[in-house]
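For reference, the structure discussed in these notes is given below.
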Amino acid sequence: MKLFERTRIGTLQLKNRIVLAPMGTTTDHTYGFNMRDVNYYGERAKGGAGLILTGAVVCSEEFEPAPCQKLTSIKDVYMLHQVAEKVHNYGAKFGIQLSPGIGRMNWIDPSTPPYSASPCPNYYKPELICRELPTDGVKRLVKAMGTSAKFAQDAGVDIIEIHAYGGYLIDQFNSSKWNHRTDEYGGSLENRMRFMMEIIEEVRRVCGKFYPIAVKMTLDSVDDPERPLEEGLHIAKSLAESGLVDLIHFGRGAYSCRWRMVSSVYQPPGFDVEAAKTIREVTGNVPLMAHGKLNHPEVAEEALQSGALDLIAIGHGLIADPYWPNKVKKGLLDEINPCIGCGECHYNSMKGWPRPCAVNPEAMHETEYVLTPVTEKKRILVIGAGPGGMKAAATAAQRGFDVTLWEKKNIMGGAMAAAGAPDFKKDVRDQVEYLIRQVNKYGVHVELNKTATLEEVQKFNPDFTVVASGCDPIIIPVPGKDKPIVKTAIPVMLGEETVGENVVVIGGGDVGCELASDLALKGKNVTIVEMLDRIMARGGSFVANEQNLKYILKHSGANIICSARLTEILDDGIKYIKENEEHILSCDTVIFAAGFRPDQTLYESICDAGLECIQIGDNVRMGKIIDAIHQGYNSMRVLEL
């Protein structure tokens, strides 16, 4: 495979063409690298990637507090060198993504505006108008980038990627939407690019003519005027013709359409590969790299074979499975733990968490979470084969317990199987299939069509029981709720129940919007009726997924009625109240997607009977995949009997 051919970035030789993509993250109170980072990046190197890139590392705190890791003094070199050394131990190369700051994307406090290229709205609080960086301050940042690059070089870093992407500070200078300066750094595109080009020149001057330099840039912002395509192509052409850049790493999108920047659960594999052919026309022989769901081996290989790309950047996919490269190389595709595109890594790191992964609880805990073999093969009963139950069963069996898994339906997967049913959520379906393979691999005894009762549990007599039986759908208690036209979301999504041509979905949360989109794309006439004033109002998910789902819903043709309260279900429609007026909406199917509620009766009865028992996942409270899988894994990881 071309994926595993050696290649070069300038003078830097790589053992293969697989790169851990740079991904932004928060850090601890020191704003430096720490042992978690050493082990995290080291594990991805051990897994077979040829080049490991960090997320953004800032060169200065003069104009903004560090939003991520920093490299501002020789004291920061100590741990950075530890990361480099760990990565090098496995034959991989190591690079950092160096940034002068994030500008209008920064958040200091409600009354302190950050600096940007020009006065413009702060992203998080638009009424807070950013301050313009003074000209001499711009020049100091250029020098600071060179100083930090030299620190990195001395730390053993093999390549610098300059962060000129994603609407952050350099990109704000490059964009006429944010840059209205009247000095040498504003006006024409050439002037707006001056900040970026001076940084590249300074890094080259300080680190030498043979030191590899990459630039990550925004090709276009797609659904936003922030970066027109023709400007992105001009920037790429200028970088290639400068003779100063050894690799161009491009991406697309803007914060207003974040899902174009950071992959969502809904996007197809390799969604930016087609754009590579456009940028290739102006960049010539300069190596080109892209990201965006390239953790599908056949897609990554085709992107290389076609000449669209020279290197494959994989981000979330290597958080989910750091051994992706080695498994692909050995043909162990069924062993790959697939990323589901949920964005929990990004969403929770923005809250200050250490980059968690929904499907890989060991991410950022590489040396802490160890599965120790049991000394006695005791019996574990897991009730419910959703993601939490399957993860608990496989983990317990991996440790050596004798594990039995009961599932009341004739398939495994639970609500996650329904979540992965739409065509635009294949990544979730892939994870369900992976968990089923893991359950079988470790010898779990699976009983389908098995309803758990206290009597059955007592008869089985386990040493320990895990209740992972999920939630029940909420049916709004209105007249007509038991009529034949009424259904609930999960059976419909699984294809267990059919629907008519005119469908009303009650509830505009994630489940309701996905279901409505799926049915509308299949040709049904669908209307969402939502009680709140907007769909997906409760939040709690990654913004790229929310934006992308709204885009899919808009283009599916489904109708949306918000601020509407269901009052009755008729034989051929529903009644609802909106703005104090009653309305009738005709339909032949009503589907409740109004949330879920756990039934904890079984768990409580098992506990009351004096049996050792825990509950996990949605049986505790309605949560997310990350909750179920982490609880399933960690409860069995620490279990001692």
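The shown structure was predicted, so the numbers you read here are calculated from the model rather than taken from an experiment.
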Salt bridge [X]-[Y], side-chain N to carboxylate O under 4.0 Å:
X	Y	value
Asp272	Arg260	no
Glu302	Lys2	no
Glu201	Arg194	no
Glu366	Lys46	no
Asp220	Arg252	yes
Glu241	Lys237	yes

Exam field: side chain [X] to backbone [Y], donor-acceptor pair closer than 3.5 Å:
X	Y	value
Thr112	Asp109	no
Ser118	His180	yes
Asp310	Leu288	yes
Gln172	Gly167	yes
Arg104	Cys120	no
Ser263	Gly292	no
Glu5	Arg17	no
Asn360	Ile319	yes
Asn179	Ser176	no
Glu301	Leu3	yes

Review point. Is there a salt bridge (charged side-chain N to carboxylate O under 4.0 Å, His left out) between Arg192 and Glu231 once you walk through the steps?
Key: CA-CA 11 Å; Arg192 299 198 307 270; Glu231 285 195 359; 2.9 Å; yes

Run Asn174 and Ile235 through side chain to side chain contact (heavy atoms under 4.5 Å, CB included) and show every step you take. CA-CA 9 Å; Asn174 287 345; Ile235 292 170; 4.2 Å; yes

Assess the residue pair Asn89 and Lys86 against the criterion (side-chain hydrogen bond (donor to acceptor under 3.5 Å, both in side chains)); give the C-alpha distance rounded to whole Å, side-chain angles, the decisive distance to 0.1 Å, and a yes or no. CA-CA 5 Å; Asn89 286 343; Lys86 185 70 171 281; over 6 Å; no

Indicate yes or no: at least one non-hydrogen side-chain atom of [X] is less than 4.5 angstrom from one of [Y].
X	Y	value
Leu53	Ile96	no
Leu247	Met289	yes
Pro268	Lys293	no
Tyr211	Asp246	no
Tyr369	Asn634	yes
Leu20	Ile52	yes
Val262	Phe542	yes
Val222	Arg227	no

Tell me, yes or no, whether the heavy-atom count around [X] atom [atom1], taken from other residues, nucleotides or ligands under 6.0 Å, exceeds 12.
X	atom1	result
Lys75	NZ	no
Glu127	CD	yes
Asp136	CG	yes

Closest heavy-atom pair and its distance - [X], [Y]:
X	Y	value
Pro356	Ser349	CD-N, 4.4 Å
His296	Asp430	CE1-OD2, 4.3 Å
Val299	Leu294	CG1-CD2, 4.1 Å
Val282	Leu233	CG2-O, 3.7 Å
Pro121	Pro126	CB-O, 3.4 Å
Ala117	Glu132	O-CG, 3.2 Å

Flag the pair Phe195 / Phe173 as yes when their ring centroid distance falls below 6.0 Å, and as no otherwise.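 Yes: the rings meet the under 6.0 Å criterion.
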
Is a donor from one side chain sitting under 3.5 angstrom from an acceptor on the other, for [X] and [Y]?
X	Y	result
Asn326	Lys329	no
Glu335	Tyr323	no
Glu362	Tyr633	yes
Gln547	Lys550	no
Gln69	Asp76	no

Before giving the answer on side chain to side chain contact (heavy atoms under 4.5 Å, CB included), spell out for Cys357 and Glu344 the whole-Å C-alpha distance, their side-chain angles and the decisive distance to 0.1 Å. CA-CA 6 Å; Cys357 174; Glu344 293 290 348; over 6 Å; no

| said: Before you tell me yes or no, could you show the steps for Leu239 and Ile200 under side chain to side chain contact (heavy atoms under 4.5 Å, CB included), namely the whole-Å CA-CA distance, both residues' side-chain angles and the distance that decides it to 0.1 Å? | reply: CA-CA 9 Å; Leu239 291 172; Ile200 297 169; 3.5 Å; yes

Self-check item: Stepwise side chain to side chain contact (heavy atoms under 4.5 Å, CB included) test for Thr54 and Phe33
Solution: CA-CA 10 Å; Thr54 71; Phe33 291 88; 4.0 Å; yes

>> Does anything in residues 48-99 form a ring pair (Phe, Tyr, Trp, His ring centres under 6.0 Å)? List the pairs, not counting sequence neighbours.
In response: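 Pairs touching residues 48-99 that pass the test: Phe63-Tyr115.
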
| said: For residues 235-282, which residue pairs pass the ring pair (Phe, Tyr, Trp, His ring centres under 6.0 Å) check, not counting sequence neighbours? | reply: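 Only Tyr123-Tyr255, Tyr168-Tyr255, His249-His291, Trp259-Tyr551, Tyr266-Phe424 qualify under ring pair (Phe, Tyr, Trp, His ring centres under 6.0 Å).
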
Query raised in the report: Is Lys327 close enough and on-axis enough to Trp324, meaning under 6.0 Å and within 45°, for cation-pi?
Result: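 The answer is no, since Lys327 fails at least one limit relative to Trp324.
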
| request: Could you check Glu198, Glu202, Glu184 and say which one makes a side-chain hydrogen bond (donor to acceptor under 3.5 Å, both in side chains) with Lys139? | output: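 Option passing the side-chain hydrogen bond (donor to acceptor under 3.5 Å, both in side chains) with Lys139: Glu184.
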
Let me confirm one number: the [atom1]-[atom2] distance from [X] to [Y], rounded to the nearest 0.5 Å.
X	Y	atom1	atom2	answer
Glu226	Cys257	CD	SG	8.5 Å
Ile160	Gln97	CD1	CD	10.5 Å
Ile625	Asp627	CD1	CG	10.0 Å
Asp224	Ser256	CG	OG	3.0 Å

Could you give me the CA-CA distance, side-chain angles and deciding distance for Asn337 and Gln431, then say whether side-chain hydrogen bond (donor to acceptor under 3.5 Å, both in side chains) is met? CA-CA 7 Å; Asn337 185 4; Gln431 175 64 210; 2.9 Å; yes

